[in-house]
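Sending over a structure as structure tokens; questions will come in a sec.
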Amino acid sequence: MIRKLRRKFILVFMGVASALLAALLIGLYLSNAAHYRQMTVEALGSALMEGRRARGGVPLIVAEDGPGGQVRVLFNQIFFITEEEIAAAVMEVRETGQEMGELPARNLRFLCHRTGPSGIRVAFADIYGEKASLHAQLASSAVIGGVALLGFLLLSVALSRWIVRPVEEAWKKQRQFVADASHELKTPLTVALSNVDMALSIQGSFPDEKNRRRLDIAETALLRMKDLVEKLLTLARGDAEEGEADAASFVPIDLTYLLSCSTASFEPVFFDAGRCLRVEIAPGCQMMGSAGKLLELFGILLDNACKYSAPGSTVTVRLEREGGRICLAVENDGDGIPPEALPRVFERFFRVDPSRGEIAGCGLGLSIAEEIVSRHGGKIWAESAGGHTGFYVRFFK
């Protein structure tokens with residue numbers, strides 16, 4: 001959880017910093033481009049109206065196109081452009097039909113006005129230097145942006161550690177409390193269960209059937225409490241190991257064989273519950289992982305499907321390979337999961353039925369399943385519509 005919180009903080013910080021930096025650099029670029037454009041337009045207008053050479057600034061050309069189609073160059077400060085090229089540029093300006101614009105192929109910006117019914121005077125400005133300056137600014141902006149983003153990343157990492165430190169300390173204390181409390185509860189629960197079993201096993205100890213019934217109820221409650229404590233311990237161990245590398249302890253797993261064994265062991269459970277189990281397992285699905293944890297994952301999903309499926313319905317289990325990924329699906333028909341409850345089904349102690357009375361469980365199974373999938377580098381999610389519910393797992397390793 002702490003790692004996810006830090007990651008979200010870094011992503012948000014970097015997103016805001018990147019947006020502000022991009023806005024600043026783009027604003028500077030557009031401002032400079034507008035300044036260059038305004039400067040050349042003013043120089044073009046001055047040269048065009050006064051008909052004389054501009055002193056300093058942007059190199060200019062002023063030419064006239066008379067009624068006979070003869071182009072006359074009034075002056076030329078762009079010495080590498082010949083009169084023939086100027087005449088061709090004037091003809092291009094005529095073809096555009098615009099009073100102001102650019103000829104990108106010639107690196108010229110123009111401004112013109114009519115001198116008669118068919119004559120025009122055109123002023124050209126060389127914008128090669130302008131383009132070179134803007135390209136240089138883009139390159140320097142990219143370098144500055146990259147260095148700034150690297151600095152922001154280092155800063156965000158440092159800030160994330162500092163900001164989440166109180167949360168991390170509180171989280172550590174909470175999970176330590178859960179682990180200690182669960183561990184301390186195991187011993188008295190084991191003792192109580194042993195004594196209840198011993199009392200129930202002695203013949204004639206309870207001539208009164210009501211007292212025996214009460215002891216049976218106590219045993220059921222103790223077993224449920226023991227299951228809850230064991231699940232809490234499992235989650236507490238997972239929290240305590242957060243951030244540690246699991247891959248070092250992983251071994252090659254034949255997922256096809258493992259799931260076949262798990263579904264085979266659940267067939268009597270489905271039969272006794274009046275459900276059918278359909279299995280579609282693709283051969284050769286292998287990955288690195290923990291066999292014990294994956295069996296626990298399969299058990300949780302199959303047990304949930306059996307509990308929450310409609311009597312007489314069929315639960316479908318599919319395992320298939322999609323490219324480099326392995327996909328598992330456990331689908332059943334029943335009451336379904338309301339749309340508002342779908343995002344919360346993996347929360348600890350959350351159950352769709354608020355009464356929690358009809359189906360046994362403590363609301364921790366799917367949380368454990370999510371933990372197992374996460375440690376195997378995968379993703380788990382639920383979908384439900386029209387009473388059809390599916391839990392899907394995708395392993396990327």
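Note that the structure is a prediction, hence the values are computed from the model and not measured.
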Neighbour count above 12 (heavy atom, 6.0 Å) for Q98 CD: yes
If you look only at distance, which donor and acceptor atoms sit under 3.5 Å apart when one is on a side chain in residues 291-302 and the other is two or more places apart or in another chain?
none

Of all pairs that satisfy salt bridge (Lys or Arg N to Asp or Glu O under 4.0 Å), the ones with a partner from residues 75-86, not counting sequence neighbours: none
Residue pairs involving residues 106-118 (criterion salt bridge (Lys or Arg N to Asp or Glu O under 4.0 Å); sequence neighbours excluded): E92-R106, E102-R109, R109-E130
By salt bridge (charged side-chain N to carboxylate O under 4.0 Å, His left out) - contacts of D303 (at least two apart): K307
ring-ring contact (aromatic ring centres under 6.0 Å, His included) partners for Y392, two or more places apart: W381
Which residues share a salt bridge (charged side-chain N to carboxylate O under 4.0 Å, His left out) with E280, sequence neighbours left out: R278
Partners meeting side chain to side chain contact (heavy atoms under 4.5 Å, CB included) with S160 (sequence neighbours left out): R6, F9, I10
Pairs where residues 263-275 contributes a residue and the test side chain to side chain donor-acceptor pair (under 3.5 Å) is met, not counting sequence neighbours: R275-S309
Check: C276 main-chain N/O paired with T314 side-chain donor or acceptor under 3.5 Å: no
With R318 via salt bridge (charged side-chain N to carboxylate O under 4.0 Å, His left out) - residues at least two apart: E331
Counterpart residues, side chain to side chain contact (heavy atoms under 4.5 Å, CB included), relative to A310 (two or more places apart): S313
F346 and F391 aromatic ring geometry - parallel, tilted or perpendicular at 30°/60° bounds: perpendicular
Main-chain N/O of L258 paired with S262 side-chain donor or acceptor, under 3.5 Å: no
Ignoring hydrogens and angles, write down the donor-acceptor pairs under 3.5 Å from the side chains of residues 18-34, residues two or more places apart or on other chains.
unit_1	atom_1	unit_2	atom_2	d
S18	OG	M14	O	2.6
N32	ND2	Q137	OE1	2.8

Under the side chain to side chain contact (heavy atoms under 4.5 Å, CB included) test, residues paired with Y257 that sit two or more places apart: D254, C261
